[in-house]
Amino acid sequence: MEKIKNLIKQQPLIFIVCLLAIISCFAILNAAPLISNKVGDPATLWIKQGVFYIASAVLIFIIYKIGNEQIYDKIWLIYGILLALLVILAIEHFIYTRIWPNHHIIPFTHTSGGATSWFNFPGFSLQPSEFMKIAIVIALAKITKEYNDYYLVRNFETEIRYILKCMAVVLPPALLVYLQNDTGVVLIILIGVVFVLFSSGLRGQWFTVGFILVGIIIAVGTYLFIYQPDIFAKIISGHKLDRFYGWVDPEGTFGKEGYQLFNSLLSYGTAGWFGHGFQAVVKVFPEAQTDFIFAVILTDYGYLGGFVTILAIVAFDIIILKTGFESTNDRDKYMTMGIIGMLLFQQIWNMGMILGLLPITGITLPLISYGGSSLFSYMIAIGMFIDMNSQNNIIKNRSML
């Protein structure tokens, strides 16, 4: 017992990840009556998630033993391999949707929810974009550290060079993921990039201009949606347009686009403080184990279950931030900002879209939603944070001598 207490004290991240693993597996077990047989046996998906967590624990241990320095040193090799996989998937999506509809040419590629983002190998699937988002943050952290070390005095010209170098790393994979029709991951990547750039020391004018541009885009989009719906439908078409209308008017589009959101609102909206109970089914809604896992928690265990889940997530985020900011290596701090930016964005967006406040974009709840690739990708970062925390503890112990 004493050893466990010491481990929690020395590595609190391990304890909170274990807590999130329990919440995740239990939530997926509760979602079983709502899960389609197309994704596997609904009764055993929670067991698979548990296996994913066990495998990811091994991954954390490997990352910890390898050490962060090796990850930073090999990041361009990792980036190149992932970029090649994204190229293959983008080509396959073009063939699948334009050349030979509904037929896969490249072996092991898989399309789901309108996106060609997976390789389905015997026994497991791989989503390269999930790993690429972590690789991009690590690569940008390395670039930012080198930039700040080299340019002690910065000006407009040096900042332009830095931004262009970052964009050269970010835009190719972001474009390839977009071509796979996976807008959600593109948004996550861009948010991570913004957080790294914000922590880099760039002057505030860059971000002011960026926020103005985003505001203009939102204003133009709103105008087109209200006054020029035909033009809006040409810009945002197909699956994305359906999801947008399902978000704007879930009740009015209940028979089609709004089915998922409307039923989830009815389910957890009647749950009260303590929910409807284990594996309750008020209304059936798709993707209960992934995009709408938080709706399952709210439905079965009410506001109390939602509060406990949010509390665990907030504790996880705080530990990540504390670990990163205590590091004496600026590169670790830049990486921390990128990871926490992506985590916060996913957490807020996922819960926001379940509450009907934000559009449904297929963004999952990190470490809670079912899925191996997303879990493994964040576990790579967690392994680096554990190594980071170990280095922090060594420095603290030396300073106390």
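Remember, it's a predicted structure, so these values are computed and weren't measured experimentally.
- Contact check on E69 versus K74 returns no salt bridge, with no Lys/Arg side-chain nitrogen under 4.0 Å from an Asp/Glu carboxylate oxygen.
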As a quick check of understanding, evaluate side-chain contact (heavy atoms from CB on, under 4.5 Å) for F294 and I310, giving each step before the final call. CA-CA 10 Å; F294 190 62; I310 292 173; 4.0 Å; yes

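- When all heavy atoms are compared, the tightest approach of V196 to G338 is CG2-CA, 3.6 Å.
- In this structure, the separation between OH on Y223 and CD on Q228 is 5.0 Å, given to the nearest 0.5 Å.
- Using a 3.5 Å distance cut-off with no hydrogens or angles, the side chains of Q49 and S24 do pair a donor with an acceptor.
- In this structure, CD in Q127 is found 8.0 Å from CD in Q180, a value given to the nearest 0.5 Å.
- To the nearest 0.5 angstrom, L176 atom CG is 11.5 Å from L82 atom CG.
- Contact check for Y378 versus L343: side-chain heavy atoms found under the 4.5 Å cut-off.
- The two residues L298 and A271 make their nearest non-hydrogen contact at O-CB, 3.2 Å.
- You'll find the side chain of T144 stays beyond 4.5 Å of the side chain of L197, heavy atoms only.
- In the model, T364 has no side-chain atom that pairs as donor or acceptor with a side-chain atom of S369 under 3.5 Å.
- When all heavy atoms of P33 and V281 are compared, the pair lying nearest together is CB-CG2, 3.5 Å.
- L355 and Y268 make their closest contact through CA-OH, 3.2 Å (heavy atoms, listed as atom of the first residue, atom of the second, distance).
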Could you go step by step and tell me if F119 and F108 meet the ring pair (Phe, Tyr, Trp, His ring centres under 6.0 Å) rule? CA-CA 5 Å; F119 289 98; F108 304 115; 8.1 Å; no

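- Residue W76 qualifies as enclosed at atom CH2: its count of foreign heavy atoms under 6.0 Å is above 12.
- Evaluation of the side-chain contact (heavy atoms from CB on, under 4.5 Å) rule for L311 yields F307 as partners, not counting sequence neighbours.
- Between the CD1 atom in I354 and the OG atom in S267 there is a gap of 11.5 Å [rounded to 0.5 Å].
- A side-chain donor-acceptor contact under 3.5 Å links Q11 and S390.
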Assess whether side-chain contact (heavy atoms from CB on, under 4.5 Å) is satisfied between M132 and Y79, documenting all intermediate values. CA-CA 7 Å; M132 178 56 92; Y79 176 90; 3.8 Å; yes

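- Between F316 and P366, the closest side-chain pair of non-hydrogen atoms is not below 4.5 Å.
- A donor-acceptor pair under 3.5 Å links the side-chain atoms of D387 to the main chain of N68, judged by distance alone.
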Let me see the working for K165 and R161 under side-chain contact (heavy atoms from CB on, under 4.5 Å), right down to the final yes or no. CA-CA 6 Å; K165 191 171 184 179; R161 289 178 184 175; over 6 Å; no

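- Counting only distance, with no hydrogens or angles, the side chain of T270 and the backbone of L266 share a donor-acceptor pair below 3.5 Å.
- Although no hydrogens or angles enter the test, the distance criterion places a donor-acceptor pair under 3.5 Å between the side chain of T109 and the main chain of I106.
- Considering only residues two or more places apart in sequence or on other chains, S377 meets the side-chain hydrogen bond (donor to acceptor under 3.5 Å, both in side chains) condition with K133.
- Under the 3.5 Å distance criterion, the side-chain polar atoms of S374 are left unmatched by any main-chain donor or acceptor of G371.
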Using a 3.5 Å cut-off and no angle test, enumerate the donor-acceptor pairs between side-chain atoms of residues 204-213 and protein atoms at least two apart in sequence or in another chain.
residue : atom : partner : partner atom : Å
W206    : NE1  : E159    : OE1          : 2.7
T208    : OG1  : G204    : O            : 3.2

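- The residue from F292, W46, Y53, F52 that alone fulfils the ring-ring contact (aromatic ring centres under 6.0 Å, His included) condition with Y370 is F52.
- Two residues are said to be in side-chain contact when any heavy atoms from C-beta on lie closer than 4.5 Å; T290 and E287 meet this criterion.
- Taken to the nearest 0.5 Å, the CZ atom of F232 stands 7.5 Å off from the CG atom of L224.
- For I380 against I63, the heavy-atom pair with the smallest separation is O-CG2, 3.8 Å.
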Go through the steps for Q347 and D317 under the test side-chain hydrogen bond (donor to acceptor under 3.5 Å, both in side chains), then give the verdict. CA-CA 10 Å; Q347 292 157 358; D317 292 345; 3.2 Å; yes

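- Here side-chain hydrogen bond (donor to acceptor under 3.5 Å, both in side chains) pairs that include residues 297-313, with residues two or more places apart or in two chains, are N30-Y301.
- Among residue pairs with one or both ends in residues 348-361, those qualifying as side-chain hydrogen bond (donor to acceptor under 3.5 Å, both in side chains) are W349-T361; sequence neighbours excluded.
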Are D330 and N148 close enough, and set up right, to give a side-chain contact (heavy atoms from CB on, under 4.5 Å), and what steps lead you there? CA-CA 9 Å; D330 288 341; N148 284 332; over 6 Å; no

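- Side-chain atoms of M337 and V137, non-hydrogen and from C-beta on, never get closer than 4.5 Å to each other.
- N181 has its side chain out of reach of T116: every pair of non-hydrogen atoms, C-beta onward, lies at least 4.5 Å apart.
- Under the 4.5 Å side-chain criterion, counting only non-hydrogen atoms from C-beta, L34 is not in contact with Q289.
- Within a 6.0 Å radius of CZ in F278, more than 12 heavy atoms belonging to other residues, nucleotides or ligands are found.
- Listed here is the closest heavy atom pair of E92 and I105: OE2-N, 3.0 Å.
- Counted by atom type alone, H93 and S117 present zero donor-acceptor pairs between their side chains at under 3.5 Å.
- Within the 4.5 Å cutoff, side-chain heavy atoms of I143 are placed close to those of V169.
- The list of ring-ring contact (aromatic ring centres under 6.0 Å, His included) pairs with a residue in residues 157-184, not counting sequence neighbours, reads Y147-Y162.
- Side-chain contact check for N329 and Q391: no donor-acceptor pair (N or O, by modelled atom type) lies under 3.5 Å.
- One finds the CD atom of Q346 at 10.5 Å from the CG atom of L344 (value rounded to the nearest 0.5 Å).
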